[in-house]
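Before any comments, here is the structure.
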Amino acid sequence: MAETFEPKNIIVTGGCGFIGSNFVHHVVREHPEVHVTVLDKLTYAGNPENIAGLPVDRVELVVGDICDAELLDRIVPGHDAIVHYAAESHNDNSIADPEPFVQTNVVGTFRLLEACRKYDVRYHHVSTDEVYGDLAIDDPARFTEETPYKPSSPYSSSKASSDMLVRAWTRTYGIRSTISNCSNNYGPYQHVEKFIPRQITNIIDGIRPKLYGDGKNVRDWIHTEDHSSAVWTILTKGRIGETYLIGADGEKDNITVLRAILKAMGKPEDDFDWVRDRPGHDRRYAIDSTKLRTELGWQPQHTDFESGLEATIAWYREHEDWWRPAKAATEAKYAKQGQ
Ligand code: NAD
Ligand code: DAU
């Protein structure tokens with residue numbers, strides 16, 4: 001294990017999005033010595049409400065674009081680390097309009113790496129298991145840090161590109177970086193465009209849930225709180241230049257997840273619509289997180305999917321004010337795509 005890094009003043013990009021805001025809550029709760037500057041453009045996916053109510057002496061929000069080099073020159077000096085979550089994150093959007101994905105995910109990462117180089121700031125890069133492409137349903141293999149990159153979608157290829165920039169900047173310029181590639185997250189504050197919140201809020205609204213293709217695509221679910229503790233572990237204990245895969249052994253096919261949601265919400269298990277499949281839809285993701293567990297001693301704590309799902313359903317029931325403003329536009333976009 002490397003020497004422990006003890007950051008005091010970090011920048012969290014995308015800290016008003018789903019996973020970034022959960023990470024900010026985690027840091028405020030678990031690490032009282034740390035100040036967080038959230039840098040977020042507040043796109044359709046960013047909501048300042050996600051971090052509202054956190055102590056103002058611990059969390060500052062800077063509204064801006066990670067692609068803005070002058071802004072980075074103003075805010076990066078004085079920080080000891082950047083934890084980079086900001087991204088265009090939704091596969092379906094990347095298929096409909098890939099350009100913002102190249103801009104934010106590739107160019108934005110480039111700008112942050114340049115700022116880290118200039119100001120000698122440590123960098124943690126939050127990435128996805130989708131960079132490895134997909135596995136067949138019956139393949140006994142899972143992704144490891146050695147799996148070759150083979151992204152399928154505009155989203156995952158933009159994330160893979162950003163990972164490559166991090167590796168090159170680390171080797172060539174000596175950036176002090178780590179990378180993590182995590183599987184599918186669920187939990188509070190996830191945008192209603194994503195699978196689990198979309199189905200929960202559809203049911204609340206009396207709309208039938210929508211299942212793509214044959215419903216047998218497998219995702220490896222992890223509670224976002226476990227993702228946060230893993231990222232903190234890697235930031236503070238990970239070896240510079242290393243990649244760590246994050247996963248909690250949560251493989252499930254989509255129809256199983258959907259039936260669990262329907263059951264938990266008191267609906268018949270076949271009360272949903274089959275809709276058009278996603279073009280290029282990855283079949284299965286599966287993470288082997290042995291390296292993170294054995295080298296850094298991390299363990300997931302929220303592995304009971306049923307109870308995590310019930311808590312998530314309760315959160316959406318209790319926070320209609322939070323998701324309601326985005327719901328109609330999201331469903332209108334899906335309707336146009338036949339989904
Ligand atoms: P999200 O879409 O919910 O949030 C993205 C955030 O980034 C938003 O607050 C948005 O306003 C901000 N943002 C977008 N473009 C920006 C820009 N140019 N400058 C500054 N801020 C900008 O995304 P998420 O699901 O929370 O994902 C966060 C990160 O985690 C992404 O890098 C994603 O690739 C990665 N990831 C996500 C998952 C998952 O299951 N959602 C799994 C593994 C990795
Ligand atoms: O694996 C990590 C990735 O997980 C992250 O990198 C991405 O940012 C994140 O969005 C997520 O990607 P997916 O494409 O797997 O997530 P999504 O919630 O869009 O879809 C999950 C599965 O559910 C996928 O197989 C498509 C399917 N689906 C999705 C929607 C929105 C449906 O069947 N119906 C739907 O309405």
Side-chain angles (χ1 to χ4, degrees), residues 13-14 16-21 40-47 65-67 84-113 125-135 143 147-166 179-186 189-199 210-213 215 217-222 224 227 246 254 275-285 287 326-327 329-339:
T13 71
C16 292
F18 163 44
I19 310 183
S21 64
D40 199 298
K41 188 179 170 183
L42 301 182
T43 67
Y44 79 96
N47 188 343
D65 192 330
I66 56 168
C67 301
H84 177 36
Y85 286 91
E88 287 293 336
S89 68
H90 193 38
N91 273 296
D92 293 319
N93 291 346
S94 83
I95 295 165
D97 180 15
E99 187 154 349
F101 288 74
V102 175
Q103 184 61 26
T104 284
N105 300 359
V106 185
V107 177
T109 298
F110 159 69
R111 298 275 183 234
L112 291 169
L113 288 168
H125 185 70
V126 177
S127 193
T128 169
D129 58 357
E130 296 194 15
V131 299
Y132 300 113
D134 61 354
L135 298 160
F143 299 140
T147 305
Y149 273 40
K150 201 176 167 228
S152 318
S153 74
Y155 162 68
S156 55
S157 59
S158 69
K159 292 296 291 188
S161 308
S162 69
D163 294 10
M164 292 301 157
L165 295 182
V166 180
I179 299 177
S180 55
N181 297 82
C182 187
S183 61
N184 283 63
N185 284 223
Y186 76 102
Y189 299 111
Q190 188 169 30
H191 196 276
V192 290
E193 70 191 354
K194 302 298 193 318
F195 180 56
I196 289 179
R198 184 183 183 202
Q199 315 312 339
K210 312 291 178 203
L211 194 60
Y212 294 177
N217 302 66
V218 172
R219 296 296 182 261
D220 191 350
W221 293 99
I222 181 171
T224 187
H227 189 180
I246 305 174
N254 293 337
V275 294
R276 188 175 75 88
D277 204 359
R278 174 183 286 171
H281 196 176
D282 279 340
R283 198 61 169 152
R284 170 174 162 248
Y285 306 137
I287 291 271
K327 183 66 180 169
T330 302
E331 285 308 311
K333 197 160 24 165
Y334 277 126
K336 265 197 208 152
Q337 294 167 186
Q339 294 177 317

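The basis for the numbers below is simple: all heavy atoms, side chains too, and nothing from hydrogens, waters or symmetry mates.
- Counting all heavy atoms, side chain and backbone alike, Cys67 lies closest to Arg111 at O-NE, 3.1 Å.
- No donor-acceptor pair closer than 3.5 Å links the side chain of Ser156 to the backbone N or O of Pro151.
- Using modelled atom types, no side-chain atom of Ser162 and backbone atom of Val106 make a donor-acceptor pair closer than 3.5 Å.
- Atom CZ of Arg198 sits about 8.5 Å away from atom OG1 of Thr330, to the nearest 0.5 Å.
- Looking only at distances, a side-chain donor or acceptor of Asn217 sits under 3.5 Å from a matching main-chain atom of Asp282.
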Test side-chain contact (heavy atoms from CB on, under 4.5 Å) applied to Leu42 and Cys16, step by step
CA-CA 7 Å; Leu42 301 182; Cys16 292; 3.7 Å; yes

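- With a 6.0 Å cutoff to the six-membered ring centre and a 45° limit on the axis angle, Arg219 does not count as a cation-pi contact of Phe195.
- For Asn93, the side-chain contact (heavy atoms from CB on, under 4.5 Å) partners at least two apart in sequence or on another chain are Tyr44, His90, Phe101, Glu193, Lys333.
- Side-chain N/O atoms of Asp220 and Ser183 include no donor and acceptor closer than 3.5 Å.
- A distance of 11.5 Å separates OG1 in Thr224 from CG in Asn184, rounded to the nearest 0.5 Å.
- Between Asn181 and Asp163 the shortest side-chain heavy-atom distance falls below 4.5 Å.
- Taking OG of Ser21 as the start and CG of Asp40 as the end, the distance is 9.0 Å to the nearest 0.5 Å.
- The heavy-atom pair separating Lys194 from Ser89 by the smallest distance is NZ-OG, 3.0 Å.
- In this structure, Asp92 contributes its side chain and Arg278 its backbone to no donor-acceptor pair below 3.5 Å.
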For a side-chain contact (heavy atoms from CB on, under 4.5 Å) check, start with the C-alpha distance between Tyr285 and Thr128, then their side-chain angles and the critical distance, and finish with the verdict.
CA-CA 10 Å; Tyr285 306 137; Thr128 169; over 6 Å; no

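- The distance from the NZ atom of Lys159 to the CD atom of Glu88 is 11.0 Å, given to the nearest 0.5 Å.
- Of the inter-residue distances, the one linking Arg276 atom CZ with Tyr212 atom OH reads 8.5 Å to the nearest 0.5 angstrom.
- Looking at every heavy atom in both residues, Pro98 comes nearest to Ile95 through CD-O, 4.3 Å.
- Across all their heavy atoms, Phe143 and Asp134 have their closest contact at CZ-CA, 4.2 Å.
- Across Thr104 and Ile66, no two heavy atoms sit closer than the pair O-CD1, 3.6 Å.
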His191 vs Phe18, test: side-chain contact (heavy atoms from CB on, under 4.5 Å). Steps then yes/no.
CA-CA 7 Å; His191 196 276; Phe18 163 44; over 6 Å; no

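- Contact between Trp221 and Asn185 at its shortest, heavy atoms only, is CZ3-O, 3.5 Å.
- Separation of atoms CZ (Arg284) and CG (Asp129) is listed at 11.0 Å; rounding is to 0.5 Å.
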Are Leu113 and His125 close enough, and set up right, to give a side-chain contact (heavy atoms from CB on, under 4.5 Å), and what steps lead you there?
CA-CA 10 Å; Leu113 288 168; His125 185 70; over 6 Å; no

